[in-house]
Chemist: 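This is the structure I have questions about; it appears just below.
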Amino acid sequence: GSASLTLRDFANAIRHEPRTRSLLRWATAIGATGTALGIWLLTIPDIATGIGSLVLGLSCFAAHNAPDHAASHWFRKTPPEARSLRYTVNPDELIVVSDVSRRAYPWHTFEGCHETPEAFLLWVNQRSFLILPKRAFAPGDVSKIAERLQRPRSHPANVQSPAALADRQ
């Protein structure tokens with residue numbers, strides 16, 4: 001299959017990356033609590049505590065924009081010719097080809113995977129993952145790729161296989 005990665009692909013990948021999602025959930029909880037507490041504390045004589053809590057809460061809410069900023073930076077940093085990708089899936093490896101590179105990834109070398117509504121995220125190491133957009137493949141092939149990714153492998157912290165995620169639902 002083939003696809004050109006768009007800014008939306010980068011943003012969706014970062015927002016659905018399990019560690020980022022967990023961080024965003026915590027930021028939301030702290031933001032809501034801090035903001036409400038700050039507003040309430042503004043009614044007491046020690047206004048500095050209320051302002052501090054309010055600033056903390058609003059700062060945590062601002063964290064929701066961080067993934068979009070990171071995605072924008074990642075997108076701009078990736079040359080356009082490196083965003084147009086061709087994928088070959090075979091029993092032994094995933095081959096990713098762009099106008100600037102060609103790389104074969106044996107399936108057993110992926111450290112983890114995560115399925116999002118629009119893509120598969122495949123970890124090549126603890127800090128880096130590939131975006132494999134589902135739109136690059138025929139609908140029948142997407143389910144075959146998902147099956148291939150369900151085979152056991154190790155996962156980075158907080159990253160689970162599609163099978164493990166399905167078991168929780």
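Bear in mind the structure is a predicted one, so any value in this text is a computation, not a measurement.
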Chemist: Judged by atom type as modelled, is there a donor-acceptor pair below 3.5 Å linking the side chain of Thr109 to the main-chain atoms of Pro106?
Modeler: yes
Chemist: Find out if a path of hydrophobic residues (ILVMFWY) with successive side-chain heavy-atom gaps under 4.5 Å connects Leu37 to Leu42.
Modeler: no
Chemist: Run the numbers on Leu132 and Ile145 for side-chain contact (heavy atoms from CB on, under 4.5 Å), then give the verdict.
Modeler: CA-CA 10 Å; Leu132 187 61; Ile145 293 168; 4.2 Å; yes
Chemist: Let me check something: do Leu130 and Val100 share a hydrophobic cluster, defined by ILVMFWY side-chain heavy atoms less than 4.5 Å apart, either directly or through other members?
Modeler: no
Chemist: Do any side-chain atoms of residues 48-62 form donor-acceptor pairs under 3.5 angstrom with protein atoms, and if so which ones, sequence neighbours left out?
Modeler:
residue	atom	partner	partner atom	Å
Thr49	OG1	Asp46	OD2	2.7
Ser53	OG	Gly34	O	2.9
Ser53	OG	Gly38	N	3.3
Ser59	OG	Val55	O	2.8

Chemist: Report the residues that fulfil ring pair (Phe, Tyr, Trp, His ring centres under 6.0 Å) with Phe75, sequence neighbours left out, ordered by chain and then residue number.
Modeler: Phe10
Chemist: Short question: side chain of Thr33, backbone of Ile30 - any donor-acceptor pair under 3.5 Å?
Modeler: no
Chemist: Measure the spacing between CZ of Arg135 and CG of Asp9 and express it to the nearest 0.5 Å.
Modeler: 4.0 Å
Chemist: For a quick test of reading the model, state the closest non-hydrogen atom pair linking Trp74 to Thr78 and the distance between them.
Modeler: O-OG1, 2.8 Å
Chemist: Heavy atoms only: give me the nearest Ile95-Glu93 pair and the separation to one decimal.
Modeler: CD1-OE2, 3.6 Å
Chemist: For residues Ile131 and Pro133, report the shortest heavy-atom separation together with the two atoms involved.
Modeler: O-CD, 3.3 Å
Chemist: Do Asp99 and Arg83 sit within salt-bridge range, that is, some charged N less than 4.0 Å from a carboxylate O?
Modeler: no
Chemist: If you look at every heavy atom in Phe137 and Gly1, which pair is closest and at what distance?
Modeler: CE2-N, 3.7 Å
Chemist: Given side-chain contact (heavy atoms from CB on, under 4.5 Å), test Val89 with Asp141 step by step and report yes or no.
Modeler: CA-CA 10 Å; Val89 176; Asp141 292 338; over 6 Å; no
Chemist: To the nearest 0.5 Å, what is the distance between CG on Asn90 and CZ on Arg148?
Modeler: 9.5 Å
Chemist: Hey, is the main chain of Leu149 close enough, under 3.5 Å, to the side chain of Trp107 for a donor-acceptor pair?
Modeler: no
Chemist: Taking Val124 as the starting point, is it possible to reach Leu5 by hopping between hydrophobic residues whose side chains are less than 4.5 Å apart?
Modeler: yes
Chemist: Cluster question for you: counting only ILVMFWY and a side-chain heavy-atom cut-off of under 4.5 Å, with indirect links fine, are Val97 and Phe110 together?
Modeler: no
Chemist: If you take all heavy atoms of Arg86 and Ser98, which pair is closest and at what distance?
Modeler: NH2-O, 3.6 Å
Chemist: To the nearest 0.5 Å, how far apart are OG in Ser72 and NZ in Lys77?
Modeler: 12.5 Å
Chemist: Kindly write out the residues that satisfy salt bridge (Lys or Arg N to Asp or Glu O under 4.0 Å) with Glu118, not counting sequence neighbours, or none if the list is empty.
Modeler: Arg8
Chemist: Nearest 0.5 angstrom please: Thr116 OG1 to Arg15 CZ, how far?
Modeler: 13.5 Å
Chemist: Using 0.5 Å steps for rounding, measure from the OG atom of Ser4 to the CG atom of Leu85.
Modeler: 7.5 Å
Chemist: Grab the two heavy atoms, one from Ala13 and one from Phe129, that are nearest each other, plus how far apart they are.
Modeler: CB-CE1, 3.8 Å
Chemist: From Leu122 CG over to Glu115 CD, what is the distance, rounded to the nearest 0.5 angstrom?
Modeler: 10.5 Å
